[in-house]
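Labels below follow one simple rule: chain letters A, B, ... track the order of the sequence lines, proteins then strands, and each chain is numbered from 1.
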Protein chains: 2
Amino acid sequence: MAENKKQGKQSNIRAKSQEKILDAAQQEFILQGFKGATVQSIADRAGLPKANILYYFKNKENLYHAVLEQTLNMWDEGIGDIVIEDGPKIAIEKFIAAKVKMSFTYPSASKMHAMEVIQGAPHLKEFARTYLRQWVREKAKLFQHWVDNGEMKDIDPVSLIILIFSSTQHYADFEAQILTIMNRAEYEPEDIEQVTQFLTDIILRGCGLKK
Amino acid sequence: MAENKKQGKQSNIRAKSQEKILDAAQQEFILQGFKGATVQSIADRAGLPKANILYYFKNKENLYHAVLEQTLNMWDEGIGDIVIEDGPKIAIEKFIAAKVKMSFTYPSASKMHAMEVIQGAPHLKEFARTYLRQWVREKAKLFQHWVDNGEMKDIDPVSLIILIFSSTQHYADFEAQILTIMNRAEYEPEDIEQVTQFLTDIILRGCGLKK
DNA sequence: GAATCTATTGACCATTAGGTCAGATTGTTA
DNA sequence: TAACAATCTGACCTAATGGTCAATAGATTC
């Protein structure tokens, strides 16, 4: 609130410009890679002169980091949360539903992240790595608890989480390939429901949580 | 044979150099992307002068296509084949085993392919696209046959194939992330067996082919 | 062993891309 | 409305990169 007092039209302009730039940059980085995306191409896509981009972000490296950070925050928010009270069935359902929705709603975030990881995650700080590891361990502990409690089959929780990651993200990252296979031009809203249904069905049964 | 007659030491040199270049190029293209990989960096990695690279491959674009083609051929060979006599259980087992083995044995091929697809497959010719579609349709028809025959649950075959693609390739493409999660430096030979076992178990049960 | 391919490589060039900067323009505030 | 700050932008510079070329060395063939 106190901050908003200070924000006049200018801060608004700043925020608007930055957002426009970040969006354009994300597209270019995905399409061309870090080196392949030129400041000029980002500028063109954002409809701004090149020097303006460099005015808001000191340099290309800086801009890339900003895009990546935005992406990771989005991933973090969209992943949903599961708690011990859920039990394995609800937990898996929630988890899959959240990740599929993410994949179809913000495919660019997933693609950006995927490219970074494939290239060996050169820009992901140690912090991000440790955070992910902690996250997975924490959730794995929940599943292990349910396994020990006889609420689900004896399945390796970490492998299960990786399976859910991979099968859901794939629809974002490999969009081009899936559309090719299906001989379609783009996804339809119904696809979210269909994919969620399919994956939930197979994986729940795979975990012995459905006959 | 007749061809071999003509191959003396020179053809050997040619083959050896080209292979060395292709390997170096593949690494660089994965690490830096198409634009980011410089001919000089590829030359350095291959231990050859830059001009020598351009002697064997007219230009960078050309070299990229050569690497991509080699990659696709490898994918094609390593995917294994399933036939109607197999029945759904054996087919899924064979399919998963082949793809997991591929992912752990030639992760670079998978990564190269993944980057290309994420970026919208700009270099993949219409031919490669059509080929993939045909391949999937053909295999899907087998699964559909088994479904109609009551040999397995009523599951969408195309979604099943996509699930196997995604869950197996993930171990190659997201190697860096999985190692991070597991807090390990690199994969071990046993991992192939463990992953194959896990995925086969879940997916077979998911398809109602295992109690 | 001369003639003819094939392979190798340093020097060179044109283009492009990241980044700077100074000056113009617009917004803010008192 | 004057002074100040934030935004915008064309012109410019430098380094790096893809690609060419001509000259040299090595193989092959007859």
Side-chain angles (χ1 to χ4, degrees), chain A residues 2-68 122-123, chain B residues 1-68 119 122-123:
Chain A
E3 281 165 359
N4 272 336
K5 270 263 178 72
K6 284 185 182 174
Q7 290 181 348
K9 202 179 271 180
Q10 291 225 328
S11 296
N12 213 0
I13 286 177
R14 175 166 277 262
K16 279 227 156 97
S17 286
Q18 285 185 333
E19 198 191 319
K20 227 191 309 182
I21 294 169
L22 285 172
D23 282 355
Q26 187 182 55
Q27 292 309 311
E28 287 299 316
F29 283 137
I30 290 171
L31 253 30
Q32 311 286 346
F34 173 72
K35 200 70 178 299
T38 68
V39 178
Q40 186 62 59
S41 71
I42 293 169
D44 290 347
R45 187 179 284 267
L48 297 169
K50 185 177 80 162
N52 203 352
I53 309 289
L54 278 318
Y55 168 70
Y56 281 108
F57 299 88
K58 305 283 164 265
N59 52 42
K60 200 167 100 168
E61 185 85 21
N62 203 296
L63 175 53
Y64 184 81
H65 277 114
V67 173
L68 198 57
H123 298 92
Chain B
M1 295 299 168
E3 281 165 357
N4 273 335
K5 270 265 180 72
K6 283 185 182 176
Q7 290 181 349
K9 202 178 272 181
Q10 292 227 326
S11 297
N12 213 0
I13 286 176
R14 176 166 276 263
K16 281 227 155 99
S17 285
Q18 285 187 332
E19 199 190 317
K20 228 192 309 183
I21 294 169
L22 286 172
D23 282 356
Q26 188 182 53
Q27 293 308 312
E28 287 299 316
F29 283 137
I30 290 171
L31 252 31
Q32 311 287 347
F34 174 73
K35 198 69 180 296
T38 67
V39 178
Q40 186 63 59
S41 70
I42 293 169
D44 290 346
R45 187 179 284 267
L48 296 170
K50 187 177 78 161
N52 203 352
I53 308 289
L54 279 318
Y55 168 70
Y56 281 108
F57 299 88
K58 305 281 163 270
N59 53 42
K60 198 166 100 167
E61 184 86 21
N62 202 296
L63 174 54
Y64 183 82
H65 276 114
V67 172
L68 198 57
Q119 297 191 345
H123 297 94

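Sequence order on DNA chain D of the closest nucleotides to S17(A) and L54(B) puts S17(A) first from the 5' end. Mapping Q40(A) and A51(A) onto DNA chain C by nearest heavy atom places Q40(A) closer to the 5' end of the strand.
Residue-environment remark: CD (E61(A)) exceeds the threshold of 12 foreign heavy atoms within 6.0 Å.
At least one side-chain heavy atom of D44(A) sits under 4.5 Å from a side-chain heavy atom of Q40(A). Here the side chains of I42(A) and F29(A) are in contact, with some heavy-atom distance below 4.5 Å.
Look at CD on Q18(A): it is 15 Å from C1' on dC8(D), rounded to the nearest Å. Atoms CD1 (I53(A)) and C1' (dT7(D)) sit 13 Å apart, rounded to a whole Å. Atom-to-atom, CD of Q32(B) to P of dG18(D) comes out at 12 Å; the value is rounded to the nearest Å. Atom P of nucleotide dG27(C) and atom NZ of K16(A) are separated by 14 Å, given to the nearest angstrom. Between N52(B) atom CG and dA22(D) atom P the separation is 18 Å, expressed in whole Å. Taking atom CG on D44(A) and atom P on dG10(D), their separation rounds to 12 Å, with Å as the unit. Rounded to an integer number of Å, the gap from K35(A) NZ to dA15(D) C1' is 11 Å. Atom C1' of nucleotide dG18(D) and atom NZ of K50(B) are separated by 6 Å, given to the nearest angstrom.
A sub-4.0 Å separation between OP1 or OP2 of dT7(D) and a side-chain N or O of Y55(A) is present. Put simply, R14(B) has no side-chain N or O that comes within less than 4.0 Å of OP1 or OP2 on dT6(C).
Using cut-offs of 30° and 60° on the angle between ring planes, the pair H123(A) and F34(A) is tilted.
Within the 4.0 angstrom heavy-atom criterion, only backbone atoms of the sugar-phosphate kind lie near A37(A); the bases stay farther away. Backbone-only engagement by N59(B) is indicated by non-hydrogen atom pairs under 4.0 Å involving sugar-phosphate atoms exclusively.
For S41(A) (side chain) and T38(A) (main-chain N/O), a donor-acceptor pair under 3.5 Å exists by modelled atom type.
Checked against dG10(D), dT17(D), dG27(C), the side chain of I13(A) finds its nearest nucleotide in dG27(C).
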